[in-house]
Number of protein chains: 2
Amino acid sequence: MNDELRRNLALFPIGIVQKLTDLTARQIRYYEQHNLVQPARTEGNQRLFSFNDVERLLEVKRLIDQGLNIAGIKTVLGPAKTASSLLPDPKKEQAERVAQDAKRDLTDRELRERLKQEMLRRPGMQGHNPFNAGDLSRFFH
Amino acid sequence: MNDELRRNLALFPIGIVQKLTDLTARQIRYYEQHNLVQPARTEGNQRLFSFNDVERLLEVKRLIDQGLNIAGIKTVLGPAKTASSLLPDPKKEQAERVAQDAKRDLTDRELRERLKQEMLRRPGMQGHNPFNAGDLSRFFH
DNA sequence: AATCTATGTCAGATTTCCTTACATGCGTTG
DNA sequence: CAACGCATGTAAGGAAATCTGACATAGATT
């Protein structure tokens, strides 16, 4: 219930997130730039990541490893949620998604590739060892 | 089981811990100096706190508010555990405790005060609202 | 060959944190 | 009362971590 809240508490600096995800700072910032995550900021403008952000980055990483590009990942995961916009207006959500779809620059090949990858993944999560290095499932119950 | 592990992951810098506990950096460092917590360090010597550390600090704070001094808190809570010394040798534990008891500098009055406070606290944990600001129980299941 | 994508790397500035030292209010104690 | 110790505040100087912006590049796409 306030589970949502704890997962969204801005807690870690980028250095920790690097270790937790095995991504470089460059990558993390790049993904932020492309709206795959939206970490909070300190007063001094330093990024602060929540558990949700970290998990999200782990998903991004997995999709990257599967060969998706940024546009593909955005489509698969949907836009990043800001910690401050937690319970978003469904209408607005929908509108945003449509708007995004509109300006999306995927080729057909890209699209088919993306869908294939997703289909390959879902069935039973084979190959998705929940105790992979960097996996955060162990952080929650 | 690996619950222990996740709680002991060194994650937050002192700035976050300040906000989480409402303690000043000065206080946190002072408590560390007196072995009430033992946060890990980055390569560059910056403190990194685990959930356990933060919870521990919250307990320290509560005892401080109840009027205990450092020696008293040390006695009530026992010595801080290092993240690296997770499953300590019971013998060593015992030895340490004895050694500590020996050099403890509590007056008798102090001791009685401390015990009274503890007795006042335990029964049903009245007054210990698990949703107090800064309480971390909401971080775990 | 010209572009584009995702990432590496470097530089300069800013923020956060570290240690050390000194100051202070408040009990305790001689 | 004067001296002291405890817990904390505060300031200084330095080091670590992070930030943004710019340029470099390998691999795929056009």
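All chains are named by letter (A, B, ...) in the order of the sequence lines, taking the proteins before the strands, and each is independently numbered beginning at 1.
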remark   = 5' to 3', nucleotides 6-12 of chain C under a 4.0 Å protein heavy-atom cut-off (B base, S sugar-phosphate only, - none) gives BBBB---
message = If I take atom CD in residue A:Gln46 and atom P in nucleotide D:dA16, what distance separates them, rounded to the nearest angstrom?
response = 16 Å
remark   = Residue set satisfying salt bridge (Lys or Arg N to Asp or Glu O under 4.0 Å) with A:Arg41, at least two apart, ordered chain then number -> A:Glu32
ask   = Rounded to the nearest 0.5 Å, how far apart are CG of A:Leu63 and CG of A:Leu58?
value = 11.0 Å
Donor-acceptor pair, side chain of A:Asp65 and main chain of A:Arg62, under 3.5 angstrom = no
query = Residues two or more places apart in sequence or in another chain: which of them pass side-chain hydrogen bond (donor to acceptor under 3.5 Å, both in side chains) with A:Arg56?
reply = none
inquiry  = Without decimals, in angstroms, what is the distance between B:Asp22 CG and D:dT8 P?
reply    = 14 Å
message = Enumerate the ring-ring contact (aromatic ring centres under 6.0 Å, His included) contacts for residues 3-28 of chain B, please, sequence neighbours excluded, ordered by first and then second residue.
response = A:Phe12-B:Phe12, B:Phe12-B:Phe51
query = Is A:Asn45 near enough to D:dT20 that one of its side-chain N or O atoms lies under 4.0 angstrom from OP1 or OP2?
reply = yes
key: N/O (side chain, A:Arg41) to phosphate O (OP1/OP2, D:dT20) under 4.0 Å   = yes
inquiry  = Measure CG/A:Leu48 against P/D:dT18 and give the value in whole Å, please.
reply    = 10 Å
ask   = So which pairs with a foot in residues 62-82 of chain A pass ring-ring contact (aromatic ring centres under 6.0 Å, His included), sequence neighbours left out?
value = none
Separation of atom CZ in A:Phe49 from atom C1' in D:dA17, rounded to whole Å = 13 Å
task = Could you tell me which residues satisfy side-chain contact (heavy atoms from CB on, under 4.5 Å) with A:Leu23, sequence neighbours excluded, listed by chain and number?
result = A:Thr21, A:Gln27, A:Ile28, A:Tyr31, A:Leu57, A:Lys61
ask   = Whole Å only: how far is the CD1 atom of A:Ile14 from the C1' atom of D:dA16?
value = 15 Å
ask   = What is the distance from CD1 of A:Ile16 to C1' of D:dA17, rounded to the nearest Å?
value = 11 Å
Between C:dT14 (P) and A:Glu43 (CD): distance, integer Å = 17 Å
message = On the nucleotide D:dA16, are OP1 or OP2 found under 4.0 Å from the side-chain N or O atoms that B:Arg47 carries?
response = no
task = Look at the side-chain N and O atoms of A:Thr42 and state whether any lies under 4.0 Å from the OP1 or OP2 oxygen of C:dT16.
result = yes
inquiry  = Strictly below 4.0 Å: does A:Arg29 bring a side-chain N or O up to OP1 or OP2 of D:dC19?
reply    = yes
